[in-house]
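For reference, the structure is listed below as structure tokens.
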Amino acid sequence: MADVPGEPTPMKASMAETAAEIMQSFTPIKKIHQHLCAFHFYAYDMTKQVEAHHFCSHQNEEMRQCLIYDGPDSDAKLIGVEYIISEPLFLALPDSEKQLWHSHVYEVKSGVLFMPGVPGPVQRQDLEKVCKTYGKTFHFWQVDRGDALPLGLPNLMAALTGDGQLDDFLARDVEKRMGVSFESERESRQYMRGPEHGIHPLADSWKSGRGIKAELRETDCVKTATTTARVFV
């Protein structure tokens, strides 16, 4: 894992940050109440897989928003974001938008999506809800290829949808470090159900073999205001 370039934060800046921490509220961040760990792969390349730690808050009962880090520790890198919505909200999206979203059924029922440190019976109460949702994820930092800074365009990410997709070495490494057993949780979650209407055919679009990758394209700028001539006398 590449180190982020730059000089250590000087003491003066650290003191200013400490003062800000005392005086400012950080209200949006304090709404974060949940830590989920899962795996993402690039929507154009299933072999490029990343351990993803989600720190989530609720906008309401039908939408969550998550900051994604490459680890659970204080020096973890912020690598992306994910929005999680209910089935009714997903079904109301335009068809062109639906292809950018992924289902969570397999992730949850297979045991590979979990809440670190939370007993199984407790986390399963919430994961029953997550099982029915859809997510839209972008990563900005390709830590998997060793980038020391967030370079290039954001990448649409996808979620696992079947057995045999998750890199075995990555899976075993996470199980060992986080003290979890995917197989044990899989057995305990088989009663769970996905979206009421089944997984929508436009979700998980990469299953068709056609990936999605963001690309830059030069275009004419759109003028949003009419320029008025100025007369000086």
**Item:** Sidechain N-carboxylate O distance under 4.0 Å for Asp163, Arg186
**Value:** yes

**Request:** Report the hydrophobic cluster partners of Val130, with the cluster defined as I, L, V, M, F, W, Y residues connected by side-chain heavy atoms closer than 4.5 angstrom, directly or transitively.
**Result:** Leu36, Val108, Leu113, Met115, Val118, Val122, Leu127, Tyr191, Met192

**Request:** Identify, with sequence neighbours excluded, every residue that meets salt bridge (charged side-chain N to carboxylate O under 4.0 Å, His left out) alongside Glu215.
**Result:** none

**Message:** Restricting to side chain to side chain contact (heavy atoms under 4.5 Å, CB included), what partner residues turn up for Arg193, sequence neighbours left out?
**Reply:** Lys109, Lys132

**Request:** With sequence neighbours excluded, give me every disulfide bond (SG atoms under 2.5 Å apart) pair touching residues 48-116.
**Result:** Cys56-Cys66

**Item:** Contacts of type ring-ring contact (aromatic ring centres under 6.0 Å, His included), residue His197, not counting sequence neighbours
**Value:** none

**Asked** Applying salt bridge (Lys or Arg N to Asp or Glu O under 4.0 Å), which residue pairs with at least one partner in residues 23-38 are found, sequence neighbours left out?
**Response** none

**Request:** Just jot down the side chain to side chain contact (heavy atoms under 4.5 Å, CB included) partners of Ala76, sequence neighbours excluded, or say none.
**Result:** Tyr69, Asp70

**Prompt:** Which pairs count as salt bridge (Lys or Arg N to Asp or Glu O under 4.0 Å) when at least one residue sits in residues 118-128, sequence neighbours excluded?
**Reply:** Arg64-Asp126, Arg124-Glu185

**Request:** Under the salt bridge (charged side-chain N to carboxylate O under 4.0 Å, His left out) rule, collect the residues that match up with Asp75, sequence neighbours excluded.
**Result:** none

**Prompt:** Taking only residues at least two apart or on different chains, which pairs with a member in residues 172-181 satisfy salt bridge (Lys or Arg N to Asp or Glu O under 4.0 Å)?
**Reply:** Glu51-Arg177, Asp168-Arg172, Arg172-Glu175, Asp173-Arg177

**Prompt:** Is it true that atom CZ of Phe26 has more than 12 heavy atoms of other residues, nucleotides or ligands lying nearer than 6.0 Å?
**Reply:** yes

**Message:** I'd like to check the side chain to side chain contact (heavy atoms under 4.5 Å, CB included) partners of Glu97; sequence neighbours left out, ordered by chain and number.
**Reply:** Leu93, Pro94, Leu100, Trp101, Lys136

**Request:** Just grab all the side chain to side chain donor-acceptor pair (under 3.5 Å) pairs involving residues 200-210, residues at least two apart or on different chains.
**Result:** Ser103-Asp204

